[in-house]
Amino acid sequence: MKITSTSCICPVLVCLCFVQRCYGTAQHSSIKGTRNQTKHIEGETEVHHRPKRGWVWNQFFVLEEHMGPDPQYVGKLHSNSDKGDGSVKYILTGEGAGTIFIIDDTTGDIHSTKSLDREQKTHYVLHAQAIDRRTNKPLEPESEFIIKVQDINDNAPKFTDGPYIVTVPEMSDMGTSVLQVTATDADDPTYGNSARVVYSILQGQPYFSVDPKTGVIRTALHNMDREAREHYSVVIQAKDMAGQVGGLSGSTTVNITLTDVNDNPPRFPQKHYQLYVPESAQVGSAVGKIKAYDADTGSNADMTYSIINGDGVGIFSISTDKETREGILSLKKPLNYEKKKSYTLNIEGANTHLDFRFSHLGPFKDATMLKIIVGDVDEPPLFSMPSYVMEVYENAKIGTVVGTVLAQDPDSANSLVRYFIDYNAEDDRFFNIDANTGTIKTTKVLDREETPWYNITVAASENDNPSLLSHVTVVIRVLDVNDNPPELAREYDIVVCENSKPGQVIHTISATDKDDFANGQRFNFFLDEHLSINPNFTLKDNEAAVPSPSGFVRARETGACGPAVQKPSCPRLA
């Protein structure tokens with residue numbers, strides 16, 4: 001017979017009776033009943049009144065974790081065939097029989113010899129039999145029954161997934177869900193409150209709370225600010241026995257980090273800054289940095305810089321370094337300390353990623369004033385002109401003044417300047433310069449017809465700093481004087497026909513002059529009086545001719561002028 005039991009706080013005595021037929025001639029006819037049912041031999045009806053025999057025993061429970069010095073009493077087997085004279089022998093078989101569970105074969109008392117753990121095994125299935133000790137004949141059919149291990153609260157709740165790491169945005173509304181934690185209890189959830197868990201918060205108040213039934217952790221304050229505090233360590237406890245005194249508990253840690261939102265505008269630490277920039281700074285170069293600080297992180301702290309006004313708007317520009325979030329100030333135009341010694345810029349830094357939920361905390365930008373001091377740098381002398389053109393007549397005496405160059409120290413010190421001509425080693429030195437005054441003079445007689453122009457380079461340096469040099473080009477034009485006589489353009493070999501008519505032009509001669517146009521090129525032609533003159537020919541000066549690079553005349557009997565050379569064409573005589 002198989003007997004099952006239900007849970008209860010204390011064992012309850014249950015009596016079960018089994019009806020059995022009379023013994024046969026040699027032995028009892030064994031009839032087995034299961035699950036509290038009475039079995040009858042086929043063909044018999046209930047009108048036959050048979051003597052009742054059956055099993056009697058307690059409902060079997062055993063408390064887990066029994067630690068007493070004596071074996072724990074479990075229950076008693078009893079057959080109504082037992083008259084107490086020791087003739088009935090009780091036999092126990094099945095799970096744990098003879099090791100965990102022992103039986104007094106005379107009284108039917110069952111004891112547990114070991115401490116049991118319900119969480120390892122909740123029940124044991126055994127079989128009981130009553131036999132006649134003298135004949136070994138069964139007095140009762142073999143029946144199955146269960147010994148159930150009754151739970152005690154010996155397991156504390158456990159968080160299997162902890163510790164936890166979780167985030168929640170800063171400035172979240174109060175009651176925002178952060179995380180749900182769950183603790184498990186190995187005790188019997190169907191028996192009492194041993195596995196009924198209640199959650200509470202041991203550490204983390206007043207910032208967070210936990211729902212005692214669900215284990216949902218929520219924010220407990222409005223507007224929690226990451227910039228004030230970013231990390232929280234929250235300890236959650238789970239206690240069984242519905243949280244009553246004496247219940248077992250377990251705890252876990254929840255590490256909560258507030259994530260950033262853009263709730264802080266950028267701020268310049270100072271409202272006024274000063275920057276020194278030397279006047280020698282190169283156009284396009286970075287001359288300084290400025291930075292506004294944002295308490296936010298990541299993209300929420302990204303910003304751009306701009307120059308919003310000031311007298312240096314056209315001189316300087318600003319860009320944003322995305323890595324360092326600094327404003328890089330660059331030079332757009334050259335600086336000159338002697339012309340302007342300082343500039344003022346108003347610079348603005350503004351967030352690029354705005355969160356309109358927090359617009360009421362803005363504006364998300366800030367401005368500061370930057371004063372730029374231009375530093376004086378020892379600069380080389382500055383010539384009064386980018387280049388010079390001078391003139392001097394050829395054949396001028398050595399030491400004739402050609403002209404003067406002028407250079408000054410552009411710095412406030414206004415140091416004295418010294419001059420010299422920067423000659424190459426192979427140059428002929430036709431000029432020199434006064435080191436103090438910059439006056440250029442001739443050192444040789446000049447010939448315009450040989451060299452009409454000279455290019456020289458004059459250098460200037462400061463007395464206090466000779467290494468700083470400036471150079472300027474001086475072009476010297478050699479002016480002409482009439483120092484060259486005219487010359488016939490070439491040797492002439494004139495042929496005349498014997499039949500030429502009187503007054504006929506037989507040839508034209510021309511002359512050249514090495515001097516400049518203003519000093520020559522208008523010639524008078526005449527026959528040399530010291531030579532004998534042929535009366536058959538005359539020479540007439542070309543007085544009407546327009547001055548040109550070469551003079552010309554026409555030789556004829558009557559005298560005429562013409563620019564073309566005419567070779568006579570002599571007719572053949574018959």
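Numbers here simply count residues along the sequence, with the first being 1. Atom set for the values below is all heavy atoms of this structure, side chains included, hydrogens, waters and symmetry mates excluded.
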Exercise. Nearest 0.5 Å, what's the NZ-CG distance between Lys158 and Leu248?
Worked result: 11.5 Å
Exercise. With distance as the sole test, does Ser209 use its side chain to make a donor-acceptor pair with the main-chain N or O of Ala220 at under 3.5 Å?
Worked result: no
For this session: Only counting residues at least two apart or in another chain, list the ones meeting side chain to side chain donor-acceptor pair (under 3.5 Å) with Asp117.
Result: none
Exercise. Going by atom types only, do Ser251 and Gln237 share a side-chain donor-acceptor pair under 3.5 Å?
Worked result: no
Problem set entry | Ring-face cation of Arg325 near Tyr293 (centre distance under 6.0 Å, axis angle within 45°) | no
Exercise. For Gln150 and Tyr191, what are the C-alpha separation, side-chain angles and deciding distance, and is it a side-chain hydrogen bond (donor to acceptor under 3.5 Å, both in side chains)?
Worked result: CA-CA 9 Å; Gln150 187 172 338; Tyr191 178 73; 2.8 Å; yes
For this session: Could you tell me whether the side chain of Ser87 reaches within less than 4.5 Å of the side chain of Arg134, counting heavy atoms only?
Result: yes
Seminar exercise, completed: Partner of Asn351 under side chain to side chain donor-acceptor pair (under 3.5 Å), picked from Asn264, Asp302, Asp294, is Asp294
Problem set entry | Gln72 (side chain) donor-acceptor with Leu63 (main chain) under 3.5 angstrom | yes
Exercise. Between His78 and Tyr90, does a side chain to side chain contact (heavy atoms under 4.5 Å, CB included) hold up when you go through it step by step?
Worked result: CA-CA 8 Å; His78 181 70; Tyr90 297 97; 3.6 Å; yes
Exercise. Can you find a pair of side-chain heavy atoms, one from Ser112 and one from Ile100, that are under 4.5 Å apart?
Worked result: yes
Exercise. Does Gln270 reach the side chain of Ile290, with side-chain heavy atoms less than 4.5 Å apart?
Worked result: no
Exercise. Counting distance only, does the side-chain N/O of Thr176 pair as donor-acceptor with the main-chain N or O of Arg218 below 3.5 Å?
Worked result: no
Problem set entry | salt bridge (charged side-chain N to carboxylate O under 4.0 Å, His left out) partners for Asp109, two or more places apart | Lys76
For this session: Write down the atom of Asp296, the atom of Val261, and the distance for their closest heavy-atom approach.
Result: OD1-O, 3.0 Å
Exercise. Can Val313 and Tyr343 be said to form a side chain to side chain contact (heavy atoms under 4.5 Å, CB included), step by step?
Worked result: CA-CA 9 Å; Val313 172; Tyr343 295 90; over 6 Å; no
Exercise. Do Phe101 and Ile147 have side chains that get closer than 4.5 Å, going by heavy atoms?
Worked result: yes
Problem set entry | Residues Gln205, Val234; criterion side chain to side chain contact (heavy atoms under 4.5 Å, CB included); working and verdict | CA-CA 8 Å; Gln205 294 175 320; Val234 178; over 6 Å; no
Exercise. Backbone N or O of Arg196 within a donor-acceptor pair of the Asn193 side chain at under 3.5 Å?
Worked result: no
Exercise. CG/Asp409 to CG/Asp378 distance, rounded to the nearest 0.5 angstrom?
Worked result: 6.5 Å
Exercise. Can you check whether Ile373 reaches Lys341 side chain to side chain, under 4.5 Å on heavy atoms?
Worked result: no
Seminar exercise, completed: When rounded to the nearest 0.5 Å, the distance separating CD1 of Ile217 from CD1 of Ile256 is 5.5 Å
Seminar exercise, completed: Output for pair (Tyr273 OH, Lys289 NZ), nearest 0.5 Å, gives 14.5 Å
For this session: If the plane angle is over 60° it's perpendicular, under 30° parallel, otherwise tilted; pick one for Tyr73 and His111.
Result: perpendicular
Problem set entry | Any residue meeting side chain to side chain donor-acceptor pair (under 3.5 Å) with Ser467, in chain and number order, not counting sequence neighbours | Asn465
Problem set entry | Working for side-chain hydrogen bond (donor to acceptor under 3.5 Å, both in side chains), residues Asp240 and Ser194 | CA-CA 6 Å; Asp240 60 17; Ser194 296; over 6 Å; no
Exercise. Any cation-pi pair here, Lys121 with Tyr124, using under 6.0 Å and within 45°?
Worked result: yes
For this session: For Phe268, check ring-ring contact (aromatic ring centres under 6.0 Å, His included) against everything at least two apart and list the hits.
Result: none
For this session: For Thr182, check side-chain contact (heavy atoms from CB on, under 4.5 Å) against everything at least two apart and list the hits.
Result: Tyr199
For this session: Answer yes if the side chains of Arg226 and Thr257 hold a donor-acceptor pair under 3.5 Å, and no otherwise.
Result: no
For this session: For Asp260 and Thr297, indicate whether the former's side chain and the latter's backbone hold a donor-acceptor pair under 3.5 Å.
Result: yes
Exercise. Is any side-chain heavy atom of Ser115 less than 4.5 Å from a side-chain heavy atom of Met67?
Worked result: yes
Exercise. Considering residues at least two apart in sequence or located in another chain, which fulfil the side chain to side chain donor-acceptor pair (under 3.5 Å) criterion with Ser299?
Worked result: none
